[in-house]
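Notes for the one structure printed next.
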There are 2 protein chains.
Amino acid sequence: MPDINGFVRGVLAGERAVLSRAITLVESTRADHRQQAQQMLVELLPHGGGAHRVGITGVPGVGKSTFIDMLGTRLTEAGHKVAVLAVDPSSSRTGGSILGDKTRMAKLAVDRNAFIRPSPTSGTLGGVARATRETIVLMEAAGYDIVLVETVGVGQSEITVAGMVDCFLFLTLARTGDQLQGIKKGVLELADVVAVNKADGEHEQEARRAARELSGAMRLLRSGDELWTPPVLTCSGLTGAGLGELWDEVGRHHRTLDEAGELAAKRRQQQVDWTWAMVRDTLMTRLRDDAEVRSVAPELEQDVRDGRLTPTLAAERILKAFGVR
Amino acid sequence: MPDINGFVRGVLAGERAVLSRAITLVESTRADHRQQAQQMLVELLPHGGGAHRVGITGVPGVGKSTFIDMLGTRLTEAGHKVAVLAVDPSSSRTGGSILGDKTRMAKLAVDRNAFIRPSPTSGTLGGVARATRETIVLMEAAGYDIVLVETVGVGQSEITVAGMVDCFLFLTLARTGDQLQGIKKGVLELADVVAVNKADGEHEQEARRAARELSGAMRLLRSGDELWTPPVLTCSGLTGAGLGELWDEVGRHHRTLDEAGELAAKRRQQQVDWTWAMVRDTLMTRLRDDAEVRSVAPELEQDVRDGRLTPTLAAERILKAFGVR
């Protein structure tokens, strides 16, 4: 059994080896590990909350690793301690994590003021999200003042990451007009800052045009009475061009929310929402895994599909099988 | 106790008085009524499914009533039997339904081939949606071949209505540029057909411009590999201009889906999704209403808000209070 007090002390002292083991404990799905992890987290909670939490999304190929490597290095050079986490629910299926290969972030990987942690591979998005949320607390308790959470944007993962960060950054490529169709539904509505990456060399003009077009689309999507209007910028993770302006916007977003009292409110609401999301997910998982439910559900579903049974009756029978009165 | 067989016969014969009472039975939340309603629905299910189901949304003031009155009248003139239902979860709070005042649809209200039913006022969106879904089956069994489901678009109601119809129509006004900001997030992603209403007199040019702009926004939002690209048209519910073209597009949407085998698949999936949504909603309602949960939840929420407790531990305690192991 791990020494919880030793973990707490080591994390607070920012010891990298202890931090790694503490994260592994948080990621574990074993019942006894989960209990120990919660014990540790309750001790560390009062020391959490100190980081600026930024989510970063974008399709594979948009250059997220190069971008984070360059941005993170600039931030550590400016005196920050930077944690890079990932939410990739597909990593357990593909066998590799988007951050599994640290050489993807060659500079940050050897930066002693940076800490890179690949996505947990516990399978479900709910499990991955829980571990990542709890890892944020560990990183903050260990003194990291900037936490970057990367996601590949598979399924619901963008919504999940947007629900655990202060600012959600969407990276895209210089596509215009019909090509913009490829942008995933909903992501523009989640984004706080949008950046067209790879705006370097011959692609710079193209990136500027795409940014203008996206800016128009953003105006259509966001209602005018919001506190914050998401800016659309251009940048290059390769040359570093535009990264300063981009981080300025992320900082301006933080200040705008903070001054309006909305940052603290947003974080508190995220915690409560997350609690109920876990209640709902756990309850539905228990129901779907229930032996009685499993024995009746396939036939009920087929009856509903074929129009022999109303959804209301099918739902009642599923609930009855689960033992809910 | 109502005579279920009498109800079934009356509905199948298209008797308006019986139909009204059958809908009232379906809308009831009383346990014995619900049981009788389900008994009736199981009998009627094999006679359902025959209508073209079309959802219609748009903000108050867009002219939905005038539009539905004119469109419905044209459809009955063409030999159709038209049902008009509504999903307005706010009607139970405001005390009135969006369709409560039948004079809002003066022509259809006295049309013997039309049947107008205000939104049920059972309170929750889940309850209203259940009753409306089941009323669709009744209308189909009674021989109505077109079912229009109106919604005011409060909260999640648009997503709910989109999940019970074949085609989702979004009505908007001739706003351009920044004014388009008022369009609710997500509705453009749900829409199968978009129409700029009130395109009459001096507003016609303005409506055309707005339609072109919206058409551009739609292209940005929808991925190119979909079976159907939502068209953006102009129309006038007042003069009837453009209604023919609009209904042609609704029909073309229906044929496109049908020929690809996706219409039947979409309906089957809607039924199965609806079943599990009801299971989830009922389970969460039971949990939130549970006496034990109610006695512990407020304090747990506050502890999570104040950072004294992790969401994971709070969720575990809520589930324990509910008696889920």
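As the structure is a prediction and not an experimental result, all values here were calculated from the model. Chain letters run A, B, ... following the sequence lines, proteins first, then strands; residues in each count from 1.
For chain B, the option among A:Gln269, A:Arg34, A:Arg288, A:Arg133 with the highest count of heavy-atom pairs below 4.5 Å is A:Arg288. Interface check for chain B: of the options A:Leu309, A:Leu283, A:Leu41, A:Val42, the most heavy-atom pairs under 4.5 Å are formed by A:Leu283. Among B:Val272, B:Thr282, B:Asp306, the residue making the largest number of heavy-atom pairs under 4.5 Å with chain A is B:Val272. With respect to chain B, the highest number of heavy-atom pairs below 4.5 Å among A:Arg280, A:Arg308, A:Arg267 belongs to A:Arg280.
Only the side chain of A:Ala297 comes within less than 4.5 Å of a heavy atom of chain B; its backbone N, CA, C and O stay farther away. Within the 4.5 angstrom heavy-atom criterion, only side-chain atoms of A:Glu316, from C-beta onward, approach chain B.
B:Ala162 and B:Leu190 make their closest contact through CB-CD2, 4.1 Å (heavy atoms, listed as atom of the first residue, atom of the second, distance). Considering all non-hydrogen atoms of both residues, A:Trp274 and A:Arg130 come closest at CZ2-CA, 3.4 Å.
Side chains of A:Thr312 and B:Glu134: a donor on one and an acceptor on the other come within 3.5 Å.
Atom CG in B:Leu287 sits 7.5 Å away from atom CD1 in B:Ile318 (nearest 0.5 Å). Taking CG of A:Asp166 as the start and CD of A:Glu262 as the end, the distance is 12.5 Å to the nearest 0.5 Å.
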